[in-house]
Amino acid sequence: SYALPRSPVRVAVNHPSLYYRTIRISVYINVKIYQYICRHNKICTMTFSESIKSLYANYATFSGRATRSEFWWFQLYYFLGLLSICALCISICVTFGEKYIFVIFIASIYILAHIVPRLALLVRRLHDTSNSGLWALLILLSGPGVIVLFIFTLLSSSGDNKYGKTPLYMLELPEND
C-alpha cells in the first residue's frame, strides 16, 4: 500500500507547543496591527471596561455623543448585572426559604439606580446618529417604539454633527509599544 508523505504543516499543527506559539504570534501581530491603525487614524472603539467607566463618569449627561460600542457594552453589563442579581437573590430565597419579594425588591433597586444613566446613554447614542434626544420618548410606546429605538441605536455615526465631534476621535491611546 502507498502511504502519503506527512505534510510539514500538519506536523507543525499537531505539535502542541508549535501550535500555541503560532496562535500567540498571530494574536500579537493582530494586536499590533490594531494599535497601529488606532494610533495613526485615531479611530477606536471602546472596550467593555472603558464603556462602563465612561457611563458612570457621564452618569446624568444628556448632551454629547456615545459610540455604538459604548452603548452596547453597557447594555451587556446591565443585562449581566441584572441576571446575576436575580440568580443570587433566587439562590438566597431557595436556601433560606424567603419569599420571592426579596428578589423583586433587590432587582428593582438595581433597575431604579440605572434609569438615569441608561436614559442619558440612549439620548447620547441618538445624538451620535444625528437624531434628537426626544426620540427616546418612543420607549413609552412599548413594542413599536422599542423597535424604532433599536434600529436608531444600530445606525453608524456620520462624522461631526450638531451634537459635537465624533467620539471615536476623542479617545487617547498610549504611545508606548
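No experiment lies behind these values; they were computed from the predicted model shown. By convention here, the first residue in the shown sequence is residue 1.
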query: Given the rule in the side chain to side chain contact (heavy atoms under 4.5 Å, CB included) test, do Y78 and I111 qualify, once you have shown the distances and angles that lead to the verdict?
result: CA-CA 9 Å; Y78 178 77; I111 291 168; 3.3 Å; yes
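- Taking N58 as the reference, nothing meets the side chain to side chain donor-acceptor pair (under 3.5 Å) condition, with sequence neighbours excluded.
- Using a 4.5 Å heavy-atom cutoff, the side chains of R125 and L149 are not in contact.
- Not counting sequence neighbours, the partners of L134 by the side-chain contact (heavy atoms from CB on, under 4.5 Å) test are S132, L137.
- With a 6.0 Å radius and a threshold of 12 heavy atoms from other residues, nucleotides or ligands, F48 has its CZ atom above the threshold.
- Heavy-atom minimum distance, S51 versus F74: OG-N, 4.1 Å.
- Heavy atoms only, all atoms of each residue included: H127 and F62 are closest at CE1-O, 3.2 Å.
- With hydrogens and angles ignored, the 3.5 Å screen pairs a side-chain donor or acceptor of R124 with a backbone N or O of T61.
- For the atom pair F150 CZ and L155 CG, the distance stands at 10.5 Å (nearest 0.5 Å).
- Under the 4.5 Å side-chain criterion, counting only non-hydrogen atoms from C-beta, W73 is not in contact with T47.
- Under a hydrophobic-cluster definition in which Ile, Leu, Val, Met, Phe, Trp and Tyr are linked whenever side-chain heavy atoms come within less than 4.5 Å, directly or via other members, V148 and L154 are assigned to the same cluster.
- In this structure, E70 and T67 approach most closely via the heavy-atom pair N-OG1, 3.1 Å.
- Partners of A136 according to the side-chain contact (heavy atoms from CB on, under 4.5 Å) rule, which considers only residues two or more places apart in sequence or in another chain, are L119, L122, V123, L126.
- In the hydrophobic clustering of this structure, L112 does not group with Y77; members are Ile, Leu, Val, Met, Phe, Trp, Tyr whose side-chain heavy atoms approach within less than 4.5 Å, directly or through other members.
- The side-chain contact (heavy atoms from CB on, under 4.5 Å) search around S84 returns none, not counting sequence neighbours.
- Clustering ILVMFWY residues whenever any of their side-chain heavy atoms sit less than 4.5 angstrom apart, transitively, puts I115 in a cluster other than the one holding I85.
- With sequence neighbours excluded, the residues that form a side-chain contact (heavy atoms from CB on, under 4.5 Å) with L83 are F79.
- The hydrophobic clustering, which links ILVMFWY residues whose side-chain heavy atoms are closer than 4.5 Å, places I147 and F71 apart.
- The side-chain heavy atoms of D128 and R68, taken from C-beta on, include no pair separated by under 4.5 Å.
- In the hydrophobic cluster analysis, where Ile, Leu, Val, Met, Phe, Trp and Tyr join through side-chain heavy atoms closer than 4.5 angstrom, I52 is grouped together with W72.
- Here CG of L138 is found 7.5 Å from CZ of F152. Values are rounded to the nearest 0.5 Å.
- Nearest heavy-atom pair, A66 versus L121, reported as atom, atom and distance to 0.1 Å: CB-CD1, 3.7 Å.
- S130 pairs by the side chain to side chain donor-acceptor pair (under 3.5 Å) definition with S158, N161, not counting sequence neighbours.
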